[in-house]
> 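So that we are looking at the same thing, I have put the structure below in structure tokens.
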2 protein chains.
Amino acid sequence: MPAIERFAKYLSENRLKMTRERRAILADVLSVRGHFDVDDLLARLRRSGHHVSRATLYRTLPRLVESGLIHKVEMVDGQARYELMIGRHHHDHMVCLRCGTILEFESPEVERIQEDVCRRKKFVMTGHTHQIRGYCVSCAGDDRARALDSRGSNVAGRSRAGAGGARAGGRTGP
Amino acid sequence: MPAIERFAKYLSENRLKMTRERRAILADVLSVRGHFDVDDLLARLRRSGHHVSRATLYRTLPRLVESGLIHKVEMVDGQARYELMIGRHHHDHMVCLRCGTILEFESPEVERIQEDVCRRKKFVMTGHTHQIRGYCVSCAGDDRARALDSRGSNVAGRSRAGAGGARAGGRTGP
DNA sequence: GGATAATTGAGACTGAGTTGCAACTAGGAA
DNA sequence: TTCCTAGTTGCAACTCAGTCTCAATTATCC
């Protein structure tokens, strides 16, 4: 089933409406390969002439997650990212602490071990997060890429230029 | 080596000072079993008559982590927790989405798989996070404990009473 | 007993995400 | 097609964990 149709189905099943904004967001999400965050998405929407507020975006993303079209990757540094899930199955991530690159890996063996552990502890698993932190090939050689872990990672994304300027909400300060 | 001595060694090696506040924090940390967060720690310190500011606590915790005495557990819901590491080795966590209970598990097999994956992708691992979300035995039977995952977990800790009142910093709003 | 570099507390600030509210709109009923 | 209404939107204020600045204080070296 095409993504738009699948989303429409999800919406109507939940008595939700297919709005112009939701259509624009879905279209944009479908056009991206790899991982993206809210600011990426918002910037792209603006560039393509759609006005969608930050609040609406934050309200729509969980709908897309629930409909199974995208997946939320809760980055350990606190910044959430998303990725298209259509035609893919579960995988986990390796995050470069220097350049922010995200690599993917999957391991049925780890999944099996998890299930074992849960069975032993009578824990009902509903999800999991497995992230490996470190340095990708291109960053590993760099001298400065040392001793950054466990003392506050400076993963790329924090330094994205212009992200703040695009914020919708105002600040209270002087 | 006793913890206090180990911390003193770490401090002097890094040209840092052993202050009254750091001593109080360490003493408190050593007295806890299980996981704790900044608010827990701050509340206990206040109760035991020590005035240590939130800022100082946030500045000291990374020192304790670097000295190897405690370990930071970056919870996927964004709230960091800590745990004493003395005499323990690496393990990962299962978090109950309903009551916030944290169970521990260790799996050398998973560690081995991780290393394999990294070797294959030429990724230099410096750390990892592996968390299983779900419901513990006592919560798993509860009807309301359904469909909470992946749409914003309401893990306990958000609802901790009095946490806000203990904050040091002021709010800007009316 | 200084000198001085590290440390502290208070509170302003940051940044991701949430919420209340009035105006707007999708889409089923008439 | 028009009407009705529950769902949606944008805005701005707010929340919350964590960081930063700065003047005053203090542990440690000499």
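Predicted model only: the values in this text are computed from it and were never measured. Letters go in sequence order (proteins before strands), and every chain restarts at 1.
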> Are more than 12 heavy atoms, taken from residues, nucleotides or ligands other than B:R20, located less than 6.0 Å from that residue's CZ atom?
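Counting neighbours around CZ of B:R20, 12 or fewer heavy atoms of other residues, nucleotides or ligands fall under 6.0 Å, so no.
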> Once you apply a heavy-atom cut-off of 4.0 Å, does B:R59 come out as touching a base, just sugar-phosphate, or nothing?
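The residue B:R59 makes base contact.
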> Using five pairs at each end of the helix from C:dG1-D:dC30 to C:dA30-D:dT1 to define an axis, what is the angle between those two axes, to 10°?
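One end axis against the other gives 30°.
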> Got a salt bridge between B:R54 and B:D39, using NZ or NE/NH1/NH2 to carboxylate O under 4.0 Å?
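Yes, this pair counts.
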> Go through A:R44 and A:V32 one step at a time and tell me if the side-chain contact (heavy atoms from CB on, under 4.5 Å) criterion holds.
CA-CA 10 Å; A:R44 261 201 318 278; A:V32 193; 2.9 Å; yes
> Please check if the side chain of B:D40 supplies one atom and the backbone of B:D37 the other of a donor-acceptor pair under 3.5 Å.
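Yes, because the side chain of B:D40 sits within donor-acceptor range (under 3.5 Å) of the backbone of B:D37.
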> Between B:R22 and C:dT7, is there a side-chain N or O to OP1/OP2 distance below 4.0 Å?
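Yes, because at least one side-chain N or O of B:R22 sits under 4.0 Å from OP1 or OP2 of C:dT7.
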> Tell me if the aromatic rings of A:H90 and A:H130 count as close, with their centers under 6.0 Å from one another.
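A:H90 vs A:H130: aromatic centres not under 6.0 Å.
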> Of the nucleotides C:dA16, D:dT9, C:dT8, which one has an atom closest to the side chain of B:E21?
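Comparing C:dA16, D:dT9, C:dT8 against the side chain of B:E21, the answer is C:dT8.
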> Hey, are A:E104 and A:R88 close enough for a salt bridge, meaning a charged N less than 4.0 Å from a carboxylate O?
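So A:E104 pairs with A:R88 through a salt bridge.
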> I'd like to compare against my own output: the B/S/- annotation of nucleotides 24-30 of chain D with a strict under-4.0 Å heavy-atom distance to protein.
--BBS--
> Hey, mind stepping through A:I102 and A:E83 against side-chain contact (heavy atoms from CB on, under 4.5 Å) and telling me if it holds?
CA-CA 11 Å; A:I102 299 176; A:E83 59 188 336; over 6 Å; no
> Nearest whole Å is fine: how far is D:dG18 P from B:D37 CG?
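One finds 8 Å between P of D:dG18 and CG of B:D37, rounded.
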> Between A:H51 and D:dC11, is there a side-chain N or O to OP1/OP2 distance below 4.0 Å?
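Answer is yes, contact under 4.0 Å.
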> Taking 4.0 Å as the cut-off, does a side-chain nitrogen or oxygen of A:Y58 come that near to OP1 or OP2 on C:dT18?
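No.
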> Could you give the OH-to-P distance, from B:Y82 to D:dA17, as a whole number of Å?
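One finds 13 Å between P of D:dA17 and OH of B:Y82, rounded.
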> Roughly how many Å is it from OH in B:Y10 to C1' in C:dA6, rounded to a whole number?
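Rounded to whole Å, this separation is 13 Å.
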> Evaluate side-chain contact (heavy atoms from CB on, under 4.5 Å) for A:S138 paired with A:C99, printing each intermediate quantity in order.
CA-CA 9 Å; A:S138 17; A:C99 69; 5.6 Å; no
> Sequence neighbours excluded, which residues qualify as salt bridge (Lys or Arg N to Asp or Glu O under 4.0 Å) partners of A:E5?
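Residues passing salt bridge (Lys or Arg N to Asp or Glu O under 4.0 Å) with A:E5: none at all.
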